[in-house]
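What you see is a predicted model; the values in this text were computed from it and never measured.
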Amino acid sequence: MALDSPPLEDAAARRRVSVLILTGRTKAAVVFCKDVDSFPRSPLNGSVFALALTAAAVLATWILRPYLEPDTFTLFIVGVWLSAWYYGRAGGFTAAAASAVAILYFFLRQDAGLSTMLTRLGTFVAMAALITWVTAAWRESRRLLAATLSSIGDAVVATDREGRVTFLNPVAETLTGWPRKEARGRPAAEILKLLDEKTREPIENPLTRVLRERAVAVQERAALISRNGAETPVEHCASPVRDESAGVRGAILVFRDIGKRRQLEEQATHAEKMDAVGRLAGGVAGDFNNVLTVITGFAELLRTEVPASGPLRRFVDEIIFAGERAAALTRHLLTFSRGSTAQPRVLDLGSLAGNMGPMLQRLLGQNIELILLASSGMGLVKADASQIEQAIVNLATNARDAMPDGGKVVIEIAGVDLEDGPGSKNLGLNPGPYMMMAISDTGVGMDAETRSHLFEPFFTTKPPGKGSGLGLATVYGAVKQSEGAVTVYSQPGCGAIFEIYLPRVQDAVAGPARKGSGKGSETILLVDDEEGVRKLVLAVLKSNGYDVLEAGNGAMALAAFEKNAHKIDMVLTDVVMPQMTGFELGRELTARTPGLKVLYMSGYRDNEIRGEGEAPRAFLHKPFTPDALLTKVREVLDAA
């Protein structure tokens, strides 16, 4: 008797089974086909299935009894085997018990000898029990293997020795687009179509190569073309399947979708590049602040010497104005490089946006019209001015890119009162007064899928190399840091509207500090490695009555302090210097003279230069004006 078992399937899907029975003297074919998927795998259904097979075996044996001798119980054995295969030990033993009763009642009770009857019945029961046990164990091992292959996250495709597909797990079905039923029996090359990612030329199917070379194929990357034409980058490895005698019975291919991993790798690489660019920007900004300090400082000194009605006064004013704009640019660079923390202050949102008008128009270009509906006095918010400016610039840049053929950008600012209800809850804001800034464009618009990812870091709809994916994420972070919210309304072909809500405050806008005399007669030790900065500070301090000692680095400062410690009232030092930082110098000098007053200055932001976890008692940011320098020096000297 020969029985062909069903092909390997996963635990959730069973296919049709064909059983061919060959007997010794006579050949009889019994084909049993059933779509078992329609029957849930329950003990009750297993019992019904076993009893039905037993009844069918009784009927078939009764009809074919003359042709089955001496293998009268062959069909009952088949019924036991099928029950054990589909419903395990419970089904097999149920079929064995029912078959034993049926055999005894219908076929053995007419036998004359009791011993013969018991012998034949015992033989059948022993065979049925053995078949049930072996089949159930085989079934469980195959189900475990199939369930394991179907549960792993990688795609698995197996073939026979002729290269015909015998198994696909669910992941392979998804990636190839071929259902298991349709793929089984087809050549592997028809199911798996691979291209070289660089040359775009078809590559040899790894399963075919493994069957030919009878060796493991090294791991490679390729593009998998699915049945519907979709392309997926995959990483694959193929290996021959060998039997106990080391003969090749087939091949197996394991491959995985590396699209997400590749995207993460690209994002990590991009983040490293952005970090490097940020560090470079921070360094450039810090050095540039030193240059701006000299330019704007000497320009301020020059303005005091040029009469307001003089023909040269307007040129000096232009130099100072250009220096202020350059200082704002360095603030943006330091923000981008994470070299500055948020410095919220009360500001007039309408005035801030209005002052940005000329710069925004240059950014947008001549083919885009800018309409600015904002003016001072519309309302106050508490936020970091440089961050809000950067958010406006990023939104304006996005609007420009969405209108390659020109269009219109409208920036509108208005005060709104959010009441307790769906509106404020949808925004994630508490009810109360807010300032709303809306930036709209007449660009191409966005669909729902794009809007859902809009504020995610590294998400961009621009071609590779055209966008970092950080612009809108920066906007979102800046607004959230100011305890506000940002929303977007857009449809394809209808442009986009970004609305920023910031809490409205009643505090007055912080104005410039009241100018004091700034003069003094104390002795100050000035330490800075930039000669231009030293010359400016020296000129400003000496012209206002101070006695100044100069030092170009920490070592020179220690030497000068050693000689003049008795008369030095304050140390004015840069922070970022070679060999010894300003903080290290300050600690050394205050250790020698407790209570010594130290004023730190730097073109870098405080969070960058406070890496050692120490907060300076006084700090002056570069670039600074002569008045700001004198005010801060006087403030430190007069402090208790």
Side-chain angles (χ1 to χ4, degrees), residues 285 289 292 296 320-321 323-336 338-361 363 370 372-397 409-418 427 429-430 432-439 471 474-487 498-515 605-607 619-625 627-628 631-632:
N289 274 333
L292 284 176
T296 58
I320 295 174
F321 179 67
E324 292 174 350
R325 290 173 57 195
L329 175 61
T330 58
R331 286 197 300 271
H332 291 322
L333 286 174
L334 286 168
T335 300
F336 168 75
R338 295 180 177 87
S340 64
T341 54
Q343 297 179 337
R345 61 182 177 86
V346 177
L347 55 90
D348 188 319
L349 190 60
S351 177
L352 181 143
N355 292 336
M356 294 180 66
M359 184 270 289
L360 291 175
Q361 186 61 71
L363 174 69
L370 173 64
L372 194 58
L373 305 177
S375 61
S376 61
M378 302 184 70
L380 306 178
V381 298
K382 189 172 184 179
D384 187 297
S386 63
Q387 289 188 352
I388 299 302
E389 289 173 354
Q390 190 62 53
I392 295 174
V393 168
N394 290 352
L395 291 174
T397 302
V409 172
V410 179
I411 300 179
E412 179 182 4
I413 295 177
V416 296
D417 290 313
L418 295 180
L427 291 172
L429 299 174
N430 296 322
Y434 289 84
M435 292 301 298
M436 186 274 295
M437 177 169 59
I439 301 179
T474 301
V475 172
Y476 182 84
V479 173
K480 284 296 183 182
Q481 202 167 11
S482 300
E483 300 181 354
V486 56
T487 62
F498 288 85
E499 292 183 354
I500 294 176
Y501 293 84
L502 297 173
R504 191 165 52 193
V505 299
Q506 301 299 327
D507 299 341
V509 178
R514 188 172 61 182
K515 184 177 178 181
R605 283 313 198 201
D606 51 357
N607 68 321
F619 195 89
L620 179 63
H621 288 287
K622 297 178 182 178
F624 49 77
T625 63
D627 287 341
T631 301
K632 195 68 178 180

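- What you find for Val486 and Val479 is that their closest heavy atoms are N-CG1, 4.1 Å.
- To the nearest 0.5 angstrom, Gln506 atom CD is 7.5 Å from Leu380 atom CG.
- A distance of 4.5 Å separates CG of Leu429 from OH of Tyr434, quoted to the nearest 0.5 Å.
- Thr625 places none of its side-chain heavy atoms less than 4.5 Å from the side chain of Thr296.
- Taking the side chain as every heavy atom from C-beta outward, Leu352 and Glu389 approach each other to under 4.5 Å.
- With rounding to the nearest 0.5 Å, the separation of CG in Asp384 from CZ in Arg345 is 8.0 Å.
- Among all heavy-atom pairs drawn from Gly350 and Asp348, the shortest one is N-OD1, 3.0 Å.
- Here the closest heavy-atom approach between residue Asn289 and residue Pro623 is recorded as OD1-CD, 3.0 Å.
- Here the straight-line distance linking atom OG1 of Thr397 with atom CG of Leu363 works out to 4.0 Å at 0.5 Å rounding.
- Here the side chains of Arg504 and Asp417 are in contact, with some heavy-atom distance below 4.5 Å.
- When all heavy atoms of Lys382 and Pro344 are compared, the closest pair comes out as CG-CB, 4.2 Å.
- In this structure, the side chains of Met359 and Val393 come closer than 4.5 Å at one or more pairs of heavy atoms.
- Lys632 approaches Phe619 most closely through the heavy-atom pair CE-O, 3.3 Å.
- Side-chain contact between Ile500 and Ile388 is absent, with no heavy atoms from C-beta onward closer than 4.5 Å.
- Looking at Met435 and Ile413, their side chains come closer than 4.5 Å, going by heavy atoms from C-beta outward.
- Rounding to the nearest 0.5 Å gives a distance of 4.5 Å between CG of Leu395 and CD1 of Ile439.
- Shown here for Leu360 and Ala396, the closest heavy-atom pair between the two residues is CD2-CB, 4.0 Å.
- Using a 4.5 Å heavy-atom threshold, the side chains of Ile392 and Met437 count as touching.
- Other residues, nucleotides and ligands contribute at most 12 non-hydrogen atoms within 6.0 Å of the CD atom of Glu483.
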